[in-house]
Amino acid sequence: FMRDGRGGVVESPELAGVTARAGHTITLTFNMSLQEIAERELERARASTGATGGDVVILDPNNGEVLALAGVRNGKLASNSTPLTEPYEPGSVMKPFVVSRVLDLKRAAPDDVINTENGKAMIANRPLTDEHKAVSMTLRDVIRFSSNIGTARLAERLSPQEEYEAMRDFGFGMFTGVPYPAESRGSLALPHTWHPLVPSRLAIGYAIAATPLQIAAAYAAIANGGELVQPVFVRQIRDAEGAVVFQSERRVVRRVLSRETAALMREMLEAVVDSGTARAADLVTYDVAGKSGTARRSDGRRGYVAGGYNATFAGMFPAQSPQFVIVARLIDPEGTYFGGVVSGRLVNGILQQALATREASLDRNALSEVAKDLPLPKVSPLSPSALVAAQRDSARRDSLKAPLPQAVEPLPTASRVVVELPYGRRGGLVESTARERAAEEAPIIRAVPSVYGLDLRQATRTLSAAGFQVGLVAGMAGRTRPAAGAFARVGSTVQLEMPR
């Protein structure tokens with residue numbers, strides 16, 4: 001039907017009714033545990049720093065799967081996907097892209113000494129300063145201590161066209177290819193329009209606008225050995241009969257770095273976290289690599305906001321063979337506003353939570369191979385008198401132990417059988433009656449949880465966590481069919497009502 005200007009229903013002869021049919025089932029790449037961790041830690045960081053908002057992206061650098069997206073504005077979850085729709089000047093997190101292109105073209109080496117002019121320089125007749133002041137730094141330390149002057153001097157070894165191509169090849173100024181119609185392409189001006197100041201400012205993350213997803217995809221190229229991989233949201237689509245009609249595949253957009261240069265950049269970015277500007281992101285058990293960025297925030301109309309900053313950290317975990325790329329951004333944090341501190345701490349919290357969660361899309365076997373060798377705790381030897389007392393206490397405890405019970409043969413029972421169950425349910429050979437076996441094979445019945453007062457996303461998560469499929473129908477918000485408290489088979493569909 002159609003509606004007229006007053007909202008009345010007008011039947012349309014051109015829009016013939018059709019019988020409803022089952023739709024397709026879509027499997028997304030998002031990991032529910034990581035999504036909840038990202039949202040929770042982002043809100044915790046926003047509240048503790050006084051930031052007005054922030055974004056988090058978690059990406060698998062090897063296949064481009066987006067594992068989590070979170071955005072907060074003014075203390076609430078953003079109404080759209082801000083990591084895709086709101087580009088900004090990221091600051092120093094962009095430095096590795098220009099430096100890696102200089103290294104890839106063999107116009108510098110990691111141990112080259114760069115004149116950093118004791119932290120104050122004039123470039124294109126404009127002053128440029130460093131937070132960590134030094135007369136000179138090696139290229140490694142330019143990255144480790146985030147030298148603006150050192151990065152700008154390295155960028156001078158590229159022509160404007162080469163610098164533009166480096167940023168474009170990493171995916172900036174263009175869409176990532178995800179199926180999200182409101183995605184922003186950011187901004188990257190063509191080199192023939194550049195002011196003389198642009199090459200130095202672009203190298204340190206100004207004169208460019210990028211979304212957190214673009215930054216994550218670019219860091220994924222460093223993490224996976226030099227290939228820019230297209231991010232994906234949809235892993236698989238099946239029709240009503242269960243046949244696969246779409247299966248995502250790893251799609252390489254282009255090679256942006258050699259494997260050798262990518263490995264070298266990961267090594268230098270590991271030093272940033274280990275002993276540089278982002279030590280707040282470091283973990284005790286694993287090495288983390290990444291880069292911090294602290295950039296003045298522009299409102300897009302009146303220039304830079306007084307006291308406004310975007311604090312960003314882009315991390316790779318673990319540093320040796322990354323399974324995650326995490327980009328975290330906090331907007332206008334109060335007090336300490338350095339990206340390596342506030343956003344580095346946010347990434348640290350996400351990683352700790354992910355390591356404590358079994359469902360966080362981590363290859364635990366691969367992690368065990370790169371875990372840090374922790375020093376054993378120092379144990380002081382007991383004094384001779386303390387050793388005698390300890391031996392006396394041990395002998396007393398042994399004398400108080402109850403004797404072990406003697407083995408008793410089970411009584412013969414007609415219905416008793418010995419079966420072997422898979423490890424993890426009973427742990428090996430067990431004795432079970434026929435009635436017990438039948439109970440184990442019966443479907444699991446569970447009460448439908450109440451979702452009263454929850455929004456649509458929270459209600460869907462609650463029902464899914466209880467083991468039910470969820471279907472949406474028109475009705476009253478917060479009501480389910482079967483009703484809350486009724487018992488239903490795990491795996492069956494619960495209809496969740498929502499307002500028309």
Side-chain angles (χ1 to χ4, degrees), residues 26-47 53-72 77-78 80-84 176 178-180 211-217 219-220 223-224 229-236 248 250 281 283 285-290 312-319 321-330 343-368 370 455 457-467 470:
I26 301 178
T27 302
L28 301 180
T29 61
F30 292 87
N31 179 285
M32 182 180 291
S33 295
L34 283 178
Q35 180 68 31
E36 292 182 347
I37 289 170
E39 291 180 4
R40 182 172 61 248
E41 291 300 313
L42 176 58
E43 175 54 28
R44 184 177 298 171
R46 187 208 62 78
D55 299 300
V56 169
V57 177
I58 305 179
L59 184 73
D60 185 330
N62 301 301
N63 57 21
E65 290 190 349
V66 178
L67 302 175
L69 287 175
V72 172
L77 287 176
N80 59 17
S81 189
T82 52
L84 284 73
T176 63
V178 295
Y180 193 81
T211 65
L213 181 62
Q214 287 177 322
I215 298 170
Y219 269 86
N224 67 29
V229 179
Q230 180 179 311
V232 294
F233 289 166
V234 179
R235 181 176 295 152
Q236 187 182 81
S248 70
R250 184 177 188 267
L283 292 173
T285 47
Y286 299 96
D287 291 318
V288 180
T312 309
F313 178 76
M316 295 177 282
F317 170 81
S321 182
Q323 298 184 36
F324 288 164
V325 164
I326 305 179
V327 174
R329 167 203 185 194
L330 290 172
S343 296
R345 189 178 298 124
L346 168 56
V347 170
N348 179 278
I350 291 172
L351 289 174
Q352 289 195 49
Q353 292 288 325
L355 285 168
T357 304
R358 301 301 300 180
E359 298 82 18
S361 296
L362 284 169
D363 184 342
R364 304 283 172 170
N365 291 330
L367 284 179
S368 65
V370 296
D455 61 28
R457 174 191 282 188
Q458 294 170 333
T460 303
R461 286 183 178 176
T462 300
L463 293 170
S464 296
V470 182

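In this chain, residues are counted from 1 in sequence order.
The main-chain N or O of V232 is found under 3.5 Å from a side-chain atom of T29 such that the two form a donor-acceptor pair. In this structure a side-chain-to-backbone donor-acceptor pair under 3.5 Å is missing from Q214 to T176. E39 contributes no side-chain N or O that, together with a main-chain N or O of E36, makes up a donor-acceptor pair within less than 3.5 Å.
Residues E41 and V56 are not in side-chain contact: their nearest non-hydrogen atoms beyond the backbone lie 4.5 Å or more apart. Side-chain contact between Q323 and P318: present, with at least one pair of heavy atoms (C-beta onward) separated by less than 4.5 Å. Within the 4.5 Å cutoff, the side chain of F233 has heavy atoms near those of the L69 side chain. Put simply, the side chain of L355 reaches to within 4.5 Å of the side chain of L367, judged on heavy atoms. For the pair V288/M316, no side-chain contact is recorded, criterion being any heavy-atom separation below 4.5 Å from C-beta on. With a 4.5 Å cut-off on side-chain heavy atoms, V72 and T82 do not count as touching. Between N348 and F313 there is no side-chain heavy-atom pair separated by less than 4.5 Å. Residues N224 and P322 are not in side-chain contact: their nearest non-hydrogen atoms beyond the backbone lie 4.5 Å or more apart.
P83 and P212 get closest at one heavy-atom pair: O-CD, 3.3 Å. For the residue pair L59 and A220, the shortest heavy atom distance occurs at CD2-CB, 3.9 Å. The two residues A216 and V57 have their closest heavy-atom pair at CB-CG1, 3.9 Å. V178 and P231 get closest at one heavy-atom pair: CG1-O, 3.5 Å. Between A354 and R364, the closest heavy-atom pair is O-NH2, 3.4 Å. A328 and V347 get closest at one heavy-atom pair: CB-CG2, 3.7 Å.
In this structure, CZ in R461 is found 6.5 Å from CE in M32, a value given to the nearest 0.5 Å. One distance of note links CD of Q353 with OG of S33; it measures 10.5 Å at 0.5 Å rounding. To the nearest 0.5 angstrom, I215 atom CD1 is 8.5 Å from R329 atom CZ. Taking CD from Q236 and CG from L28, the interatomic distance works out to 11.5 Å, rounded to the nearest 0.5 Å. For the atom pair OG (S343) and CD1 (I326), the distance works out to 12.0 Å, reported to the nearest 0.5 Å. Remark: L362 CG to N365 CG distance equals 11.5 Å, nearest 0.5 Å.
With 3.5 Å as the limit, one finds no donor-acceptor pair spanning the side chains of N31 and Q35.
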Residues L42, L346; criterion side chain to side chain contact (heavy atoms under 4.5 Å, CB included); working and verdict: CA-CA 7 Å; L42 176 58; L346 168 56; 4.0 Å; yes
Could you walk me through whether V234 and S248 pass the side chain to side chain contact (heavy atoms under 4.5 Å, CB included) check? CA-CA 7 Å; V234 179; S248 70; over 6 Å; no
Run V66 and F30 through side chain to side chain contact (heavy atoms under 4.5 Å, CB included) and show every step you take. CA-CA 6 Å; V66 178; F30 292 87; 3.9 Å; yes
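Under the salt bridge (charged side-chain N to carboxylate O under 4.0 Å, His left out) criterion, R46 pairs with E43, not counting sequence neighbours. Take Y219 and apply the ring pair (Phe, Tyr, Trp, His ring centres under 6.0 Å) test, not counting sequence neighbours, and it matches F97.
Aromatic ring orientation, F317 versus Y286: perpendicular (interplanar angle above 60°, classes split at 30° and 60°).
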